[in-house]
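Okay, structure first, notes after.
Residue numbers begin at 1 in each chain, while the letters A, B, ... track the order of the sequences.
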Amino acid sequence: MEYNFKEIEQKWQQYWRENAIYSVENGGNKPKFYVLDMFPYPSGAGLHVGHPLGYIASDIYSRYKRLQGFNVLHPMGFDAYGLPAEQYAIQTGQHPAITTEKNIARYCEQLSKIGFCYDWNREVRTCEADYYKWTQWAFQQMFNYWYCNHANAARPISELIETFSTEGNAKVSAAAIETPVFTAEEWNSWSEKRQQEVLMNYRIAYLADTKVNWCPKLGCVLANDEVSEGLSVRGGYPVEQRVMRQWSLRVSAYAQRLLDGLEQIDWTDSLKETQKNWIGRSEGTEVQFKVKNSDMEFTIFTTRADTMFGVTFMVLAPESELVAQLTTKEQAEAVEEYLQRTKKRTERERIADRSVTGVFSGSYAVNPFTGDEVPIWISDYVLAGYGTGAIMAVPAHDSRDYAFARHFNLPIVPLIEGCDVSEESYDAKEGIVCNSPQEGAVPYCELNLNGLTVKEAIAATKTYVEKNNLGRIKVNYRLRDAVFSRQRYWGEPFPVYYKDGMPYMIPEECLPLELPQVDKFLPTESGEPPLGHAKRWAWNEKEATLADVSEIDNKNIFPLELCTMPGFAGSSAYFLRYMDNKNSEALVGKSANDYWQNVDLYIGGTEHATGHLIYSRFWNKFLFDLGIICKDEPFQKLINQGMIQGRSNFVYRIVGTNKFVSYNLKNEYETQQIHVDVNIVSNDVLDIERFRNWMPEYKDAEFVLEDGKYICGWAVEKMSKSMFNVVNPDDIVERYGADTLRLYEMFLGPLEQSKPWDTNGIDGVHRFLRRLWAMYENVNEEQPSAAELKTLHKTIKKITFDIEHFSFNTSVSAFMICQNELSQLKCSKRAILEPLTILLAPFAPHIAEELWHRLGNETTVCNAPFPICCEEYLVESSVKYPISFNGKVRFTLEMAANLTKEEVEKEALANEQTQKYLDGKSPRKVIVVPGKIVNIVL
RNA sequence: GCCGCGAUGGUGGAAUCGGUAGACACGAAGGACUUAAAAUCCUUUGGCUAUUGCAGCUGUGCGGGUUCAAGUCCCGCUCGCGGUACCA
């Protein structure tokens with residue numbers, strides 16, 4: 001009987017669906033296991049062969065865990081809100097909801113063909129109201145909470161109001177926007193608006209004027225992780241800095257917990273490292289500098305407190321509030337001109353052009369250690385958003401300060417013994433400190449750092465600063481708050497209305513606030529977001545309905561927020577919703593969450609390292625603070641699957657002709673390299689007929705062949721339509737079947753490694769399945785031999801080990817070796833084939849299910865127990881020892897397996913050949929590695 | 001610049017704890033079956049030397065080192081990939 005994969009795969013996919021084989025209950029006697037894929041954004045292009053790689057890996061692991069008796073949650077859904085659908089809508093006028101729906105249907109169709117064990121009853125789509133209701137709800141919670149530094153957790157804003165009205169804000173330590181101290185009397189005397197304004201400084205979701213990445217082309221602000229090198233990640237458009245009134249999430253409040261949490265989770269070091277860099281913890285010192293001839297003071301942040309005696313000037317960021325205060329009349333014009341000039345430059349220009357620019361403010365600062373007076377400059381190499389937006393410049397030990405000092409001819413004072421600063425600064429944090437002011441020097445400071453190492457000097461200076469009240473020890477983080485507004489249509493609406501210019505939350509019982517229909521998706525001419533086009537988009541507090549915008553003037557009707565939420569809003573808590581996706585009372589019910597806890601295994605791409613994987617950790621920690629969920633880290637183990645690149649093929653056209661020359665002859669001609677569709681090339685040999693029919697211009701093409709064949713060149717490139725190297729999984733399933741696709745994707749190479757897709761090798765895997773299939777033709781009931789049992793149990797051991805180490809490529813090899821050995825033994829015994837079938841089920845579920853039933857089983861193989869390796873079958877009767885002299889193997893000796901180390905040594909030395917090599921001498925040393933090698937040292 | 005990862009045949013890759021490098025697969029060459037093709041099966045396949053027999057040497061990006069023994073550990077490079085950056 002032929003291996004008819006098409007029939008088999010259809011049959012079992014239908015069987016699984018109709019009998020709900022993969023639906024999962026919350027609870028039961030089995031231990032739980034949660035396996036999650038990063039849910040896809042359904043783009044119009046559909047899936048290519050690279051997309052399912054991680055899904056196949058997680059599917060294998062899920063099925064394996066299920067066979068081992070775990071209750072496995074393995075869901076799938078769609079990240080459906082986002083820019084591409086909206087861009088498409090702008091171009092074509094098609095509503096994003098329609099295109100998104102269509103794309104999801106296409107994705108589902110493609111995914112269903114591969115035979116995944118998803119519980120589709122738990123599907124979530126971020127654009128559906130019963131899902132985004134909980135995104136809106138979480139946002140409202142963030143609005144209603146503040147971050148208390150004492151509790152090191154989010155606390156309800158009501159507690160804060162209570163504190164303000166009884167004792168003011170003096171004792172409150174919060175992660176918040178700097179707020180002047182006020183008393184309870186002051187608080188109680190303020191208007192509601194004033195109180196709301198103050199509270200806004202404390203909220204975790206807050207509205208504030210912030211410097212944002214504005215992308216004019218997209219008409220939208222972007223978060224830091226959505227911008228790379230001054231260009232938008234989506235579309236590659238220029239991004240500029242702008243101050244806008246925006247919603248932000250106080251992610252920075254969680255910086256330390258996000259850092260600490262990395263210690264408890266099982267992620268790769270490189271990913272943890274990326275997140276650590278992104279969070280960017282930096283321990284340093286804040287020092288107060290007085291302004292000469294003024295009462296003013298300002299604060300700078302430094303990690304090099306040891307360089308206080310090398311400060312020769314100060315620098316302010318152009319955007320710093322201090323600029324206006326510290327600019328003198330004489331310098332006003334020059335400073336204004338400089339500010340205008342830097343303002344015009346886009347982020348990209350600043351990155352491209354790093355030439356030194358700056359202007360003197362006219363003021364001087366006083367070094368609090370020495371009383372020394374140094375000029376205050378303004379330059380755009382100092383960033384307003386980091387530290388205090390002002391620095392002390394130590395040109396001898398900072399390359400940027402050095403370049404600045406050189407350019408403007410400012411003094412350079414070295415502080416490390418033996419360093420040479422005539423050509424460049426000495427930035428390294430090592431060496432012995434010198435040049436502290438000596439006794440009697442003017443100016444003088446009693447702190448003497450001479451002779452200390454840099455590390456010791458930093459510590460000594462910190463102590464001095466604290467003791468003398470000159471500043472404080474401070475930890476800074478690079479991690480910024482996440483800008484949360486998007487001037488866009490296709491996203492979650494904010495559940496917010498405005499009254500008296502201040503935002504208020506729509507009552508929870510009125511959620512979800514649904515996205516209204518609009519005709520036009522472009523931002524409005526006035527610069528307002530597309531929601532400005534909505535005809536009915538205002539809030540009536542009393543009736544809780546949407547009303548005509550024309551009625552806004554009416555007393556009880558208030559306008560809504562016109563922005564929508566960014567892409568990461570919907571993906572930050574989706575893993576929680578899968579646990580309990582039908583729950584209309586809560587994001588996730590307590591019992592469901594207590595049962596599933598968190599994700600045991602998360603598989604997805606590394607491109608989310610500083611976006612989704614930071615935001616969802618933050619979001620999760622916030623919900624943890626609220627007591628909604630029981631784990632503060634969402635993803636216990638995380639694996640990044642590598643990217644699958646394309647493998648492009650080329651033909652070589654002789655310039656100016658329609659003649660094509662084969663790869664190895666191309667150097668004899670002047671040729672032009674042209675991409676050719678990989679689907680009409682097999683093993684780099686071009687199908688000439690199909691090539692002629694591929695495009696009209698090649699209809700009459702001629703060829704210069706080698707050995708009667710046209711050989712194509714090849715290269716590894718990104719998989720994309722323009723390179724004609726896209727391979728569609730549907731085509732592979734059609735030609736070879738889903739099981740072959742699954743095995744081959746795993747066989748390509750290590751899961752975490754990026755590698756090119758090359759259809760050429762797939763025949764080998766397909767052949768294996770056919771050979772395996774043939775072994776089940778005449779199954780008999782004979783007792784298995786020792787050799788057969790050994791092969792089986794060796795394979796069980798290997799497969800179990802491999803799955804647990806996510807080494808799926810070597811498991812496929814192990815199956816091939818096993819099949820090969822059994823076929824040599826001509827083994828078709830049920831006792832061997834039955835466990836082998838279960839072993840194969842996670843990898844190739846369709847053929848395993850069919851073979852399982854052919855062996856006479858009634859139940860599904862999905863519920864069979866995973867076989868266990870019996871070591872006793874693996875015991876060898878004899879062991880082949882390579883005998884080496886001085887590490888070099890000379891011959892191999894077969895010995896009984898049960899010999900002790902001493903006996904092996906004895907037998908090896910007694911051997912005739914050994915004696916020949918020894919040539920009468922006695923060995924210096926003999927090293928026996930049991931089961932491995934005997935090394936004789938001469 | 002800084003941080004992280006990697007480099008093994010014609011190709012993808014294996015080698016799990018320092019113990020016979022190249023498993024498994026593709027490709028290639030030769031053979032069997034066949035009128036023929038497809039399919040299937042068998043043999044060979046890192047390089048060099050030898051080949052009527054055995055075998056020998058060499059070999060994991062480069063240069064050193066540790067060790068009886070190194071693809072694997074240590075030091076110094078080269079190249080490639082990824083992340084990140086006027087972060088004070």
Item to check | B:A32 pairs with, by Watson-Crick or G-U criteria that keep both distances under 3.5 Å | outcome: B:U40

Next on the checklist: On the nucleotide B:C87, are OP1 or OP2 found under 4.0 Å from the side-chain N or O atoms that A:R480 carries?
Outcome noted: no

Checklist outcome for this item: Looking only at B:A88, B:G19, B:A28, the nucleotide nearest the A:Y386 side chain is B:A88

Checklist entry - How far does the C1' atom of B:G9 sit from the matching atom of B:U84, given to the nearest Å? => result 37 Å

Checklist entry - What's the closest nucleotide to the A:P750 side chain, out of B:C41, B:A14, B:A88? => result B:A14

Checklist entry - Any side-chain donor-acceptor pair under 3.5 Å between A:E706 and A:Y663? => result no

Item to check | Closest to the A:T610 side chain, choosing from B:U16, B:G13, B:U84 | outcome: B:U84

Checklist entry - Out of B:C24, B:C68, B:A39, which nucleotide sits closest to the side chain of A:R770? => result B:A39

Next on the checklist: So A:R771, base contact, sugar-phosphate only, or nothing? Heavy-atom distance under 4.0 Å.
Outcome noted: sugar-phosphate

Item to check | Closest to the A:W278 side chain, choosing from B:C26, B:C24, B:U84 | outcome: B:U84

Item to check | Rounded P spacing from B:A15 to B:U20 in Å | outcome: 14 Å

Checklist entry - Relative to the 5' end of RNA chain B, which residue comes earlier, A:I391 or A:I927, by the nucleotide with the nearest heavy atom? => result A:I927

Item to check | Side chain A:K798 and base B:U16 donor-acceptor under 3.5 Å | outcome: yes

Checklist entry - At under 4.0 Å between heavy atoms, what does A:D398 touch on the DNA or RNA strands: base, sugar-phosphate, or nothing? => result nothing

Checklist outcome for this item: For B:U66, the nucleotide meeting Watson-Crick or G-U wobble distances (both under 3.5 Å) is none

Checklist entry - What does A:L748 touch in the nucleic acid at a heavy-atom separation under 4.0 angstrom: a base, only the sugar-phosphate, or nothing? => result sugar-phosphate

Next on the checklist: Nearest whole Å is fine: how far is B:A25 P from A:D763 CG?
Outcome noted: 13 Å

Checklist entry - Is there a Watson-Crick or G-U wobble partner for B:U52 with both distances under 3.5 Å, and if so, which one is it? => result none

Checklist outcome for this item: Among the nucleotides B:C68, B:G12, B:G4, whichever has the atom closest to the side chain of A:S270 is B:G4

Next on the checklist: Closest approach to the side chain of A:R767, judged atom by atom: which nucleotide of B:C3, B:C26, B:C87 is it?
Outcome noted: B:C26

Item to check | Under 3.5 Å on both distances, the Watson-Crick or G-U partner of B:A21 | outcome: none

Next on the checklist: Looking only at the side chain of A:I817 (C-beta and beyond, no hydrogens), which of the listed nucleotides B:A23, B:C87, B:C3 gets closest?
Outcome noted: B:A23

Checklist entry - For B:G1, what is the paired nucleotide under Watson-Crick or G-U wobble rules, both distances under 3.5 Å? => result B:U84

Checklist entry - When rounded to the nearest 0.5 angstrom, what is the spacing between NE2 in A:H805 and CD1 in A:I803? => result 12.0 Å

Checklist outcome for this item: Pairing partner of B:C57, by Watson-Crick or G-U wobble and under 3.5 Å for both distances, is B:G47

Item to check | Closest to the A:F301 side chain, choosing from B:A88, B:G19, B:A14 | outcome: B:A88

Next on the checklist: As a test of reading the structure: which of B:C26, B:U20, B:C86 is closest to the side chain of A:V889, going by heavy atoms?
Outcome noted: B:U20

Item to check | Integer angstrom distance from the C1' of B:G12 to that of B:A28 | outcome: 16 Å

